[in-house]
Amino acid sequence: MQFELFREDYRLREKLSPKARNIRVEVRPGREVVLVYPRWVPRSEALAFLRSRGDWIREKISEMEQHAAENPPPPPARWDGTDELLLRGETVPVCIEPASLRRPSVRFESHAITVFAPAALREQPHKLELALKRELMHLAQVEARRALDEEAARLDVRYADLRINDPQTLWGSCNPGGVICLSWRLIMAPPEVFRYVVVHELCHLVQANHSQRFWRLVERQMPGYEPHKRWLRDRGQQLHHYLPRRPAGGAGH
């Protein structure tokens, strides 16, 4: 169950969670604050906790807005050979090369991304976007599978399956059946950030919570993980500005 309220300083979304063990507050871009609390906690108690965190909330909102001002989003893709994209933490040019192909093809290199496509498709940029996104998802899946297999062996656990998708708020998840879902956008983040999310989700196969025991396990599996966690907190939203999600029924879907 969720409630949404508008306050003077931010937009509040309340979320009753059957999995939550404690009350927690999350600050998200766009002045959105999410109050998560277990079903057995009275709403009045959860709101009191929210009020007690008022100074921290305002501080986090200020930090996010300052970071957003210092790191403006990239311009929309023009598909004229001047675009750039993040790949493994580095900004690389997206080159368009004419080719006698029935459908676009994509080549990834450390210094560039090249999209080979018929000249006529320049008039249909959504098809170029879909082709690039499709290949990025495939690349993310290949690298995620490799990282999952390596880290699962080190942790001595088994995961059931891997799914790559494009969630708005989560970078990864692990369901009770051992299916791990990861955002394809992690392929744009530095490799160690990608690895941190993989480790994080695999550790949930041992500890299905965010207890101190869970974080000790993450630290044991990946010493010094904190900078990678902070990178996602501070810069993760930037990844959603590249090849943004389209509304249902939008062009190309």
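Small disclaimer: the values here were computed from a predicted structure and weren't measured. Numbers here simply count residues along the sequence, with the first being 1.
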Step by step, would you call Leu50 with Val33 a side-chain contact (heavy atoms from CB on, under 4.5 Å)? CA-CA 10 Å; Leu50 178 75; Val33 175; 4.1 Å; yes
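- The hydrophobic cluster containing Val25 does not contain Val36, counting ILVMFWY residues as joined when their side-chain heavy atoms lie under 4.5 angstrom apart, directly or transitively.
- Using a 4.0 Å cut-off between charged nitrogen and carboxylate oxygen, Glu151 and Arg154 count as a salt-bridge pair.
- With sequence neighbours excluded, no residue satisfies side chain to side chain donor-acceptor pair (under 3.5 Å) with Asp161.
- Counting heavy-atom neighbours within 6.0 Å of Arg78 CZ, excluding the residue itself, gives a total above 12.
- The CG atom of Leu217 sits 7.0 Å away from atom CD of Gln207, with the distance rounded to the nearest 0.5 Å.
- In this structure a side-chain-to-backbone donor-acceptor pair under 3.5 Å is missing from Ser62 to Glu59.
- Among residues at least two apart or in separate chains, salt bridge (Lys or Arg N to Asp or Glu O under 4.0 Å) pairs with a member in residues 170-192 are Asp166-Arg185, Glu192-Arg195.
- Under the 4.5 Å side-chain heavy-atom criterion for grouping Ile, Leu, Val, Met, Phe, Trp and Tyr, Met137 is connected to Leu186 within one hydrophobic cluster.
- Residue Arg134 holds its CZ atom at 4.5 Å from CZ of Arg103, rounded to the nearest 0.5 Å.
- Rounding to the nearest 0.5 Å gives a distance of 4.5 Å between OH of Tyr10 and CD1 of Ile57.
- More than 12 heavy atoms of other shown residues, nucleotides or ligands fall within 6.0 angstrom of atom CD in Glu109.
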Under the side-chain contact (heavy atoms from CB on, under 4.5 Å) rule, what do Arg58 and Asp55 come out as? Steps first, then yes or no, please. CA-CA 5 Å; Arg58 285 186 286 274; Asp55 290 343; 2.8 Å; yes
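- The distance from atom CD of Glu129 to atom CD of Gln124, rounded to the nearest 0.5 Å, is 13.5 Å.
- With Tyr37 as the partner, the side-chain hydrogen bond (donor to acceptor under 3.5 Å, both in side chains) test is satisfied by one option alone out of Glu45, Arg24, Arg21, Glu14: Glu14.
- Shown here for Ile187 and Ala140, the closest heavy-atom pair between the two residues is CB-CB, 4.0 Å.
- Residues Val115 and Phe108 fall within the same hydrophobic cluster, defined by Ile, Leu, Val, Met, Phe, Trp and Tyr side chains chained together at heavy-atom separations under 4.5 Å.
- With contacts defined as side-chain heavy-atom distances shorter than 4.5 Å, the pair Val199/Tyr225 does not qualify.
- Applying the salt bridge (charged side-chain N to carboxylate O under 4.0 Å, His left out) rule to Arg220 yields no partners; only residues at least two apart in sequence or on another chain are considered.
- Inter-residue side-chain proximity for Leu85 and Leu136 is flagged as met; some heavy-atom pair is nearer than 4.5 Å.
- Remark: Asp80 CG to Ile96 CD1 distance equals 8.5 Å, nearest 0.5 Å.
- Residues Arg28 and Gln237 are not in side-chain contact: their nearest non-hydrogen atoms beyond the backbone lie 4.5 Å or more apart.
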Could you check Glu143 against Arg88 for salt bridge (Lys or Arg N to Asp or Glu O under 4.0 Å), going step by step and ending with a plain yes or no? CA-CA 11 Å; Glu143 298 200 3; Arg88 301 185 182 97; 2.5 Å; yes
Could you walk me through whether Leu170 and Ser183 pass side-chain contact (heavy atoms from CB on, under 4.5 Å), step by step? CA-CA 7 Å; Leu170 295 175; Ser183 169; over 6 Å; no
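- The local environment of NE2 in His138 is sparse, with at most 12 non-hydrogen atoms from other residues, nucleotides or ligands closer than 6.0 Å.
- Summarising the geometry of Trp231 relative to Leu239, their closest heavy-atom pair is CH2-CD2, 4.0 Å, with the distance given to 0.1 Å.
- Side chains of His228 and Met222 form a contact here, defined as non-hydrogen atoms less than 4.5 Å apart.
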Which is it for Asp149 and Tyr159 under the side-chain contact (heavy atoms from CB on, under 4.5 Å) test, yes or no, and what are the steps along the way? CA-CA 9 Å; Asp149 290 346; Tyr159 64 97; 2.6 Å; yes
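- With a 4.5 Å cut-off on side-chain heavy atoms, Val27 and Trp56 count as touching.
- Within the 4.5 Å cutoff, the side chain of Val94 has no heavy atoms near those of the Tyr242 side chain.
- Heavy-atom neighbours of Arg213 CZ from other residues, nucleotides or ligands within 6.0 Å: at or below the threshold of 12.
- Between Leu232 and Tyr196, the closest side-chain pair of non-hydrogen atoms falls below 4.5 Å.
- Note on ring orientation: taking the six-membered ring where Trp is involved, the planes of His204 and Phe214 are parallel (angle under 30°, cut-offs 30° and 60°).
- Nearest heavy-atom pair, Val92 versus Ser110, reported as atom, atom and distance to 0.1 Å: CG1-O, 3.7 Å.
- A salt bridge between Lys60 and Glu63 is present, with a side-chain N of the basic residue lying under 4.0 Å from a carboxylate O of the acidic one.
- Following chains of ILVMFWY side-chain contacts shorter than 4.5 Å, one cannot reach Leu139 starting from Leu130, and the two form parts of different hydrophobic clusters.
- Val206 is connected to Val218 through a chain of hydrophobic side-chain contacts under 4.5 Å among Ile, Leu, Val, Met, Phe, Trp and Tyr, so both are in one cluster.
- Remark: Cys181 SG to Leu162 CG distance equals 8.0 Å, nearest 0.5 Å.
- Counting non-hydrogen atoms of neighbouring residues, nucleotides and ligands closer than 6.0 angstrom, the CZ atom of Arg145 exceeds 12 such neighbours.
- Side-chain contact between Gln141 and Trp184: absent, with no pair of heavy atoms (C-beta onward) separated by less than 4.5 Å.
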Checking Arg31 against Glu65 for the salt bridge (Lys or Arg N to Asp or Glu O under 4.0 Å) test, could you report, in this order, the C-alpha distance in whole Å, the side-chain angles of both residues, the deciding distance, and whether it holds? CA-CA 9 Å; Arg31 288 180 165 260; Glu65 292 183 339; 2.7 Å; yes
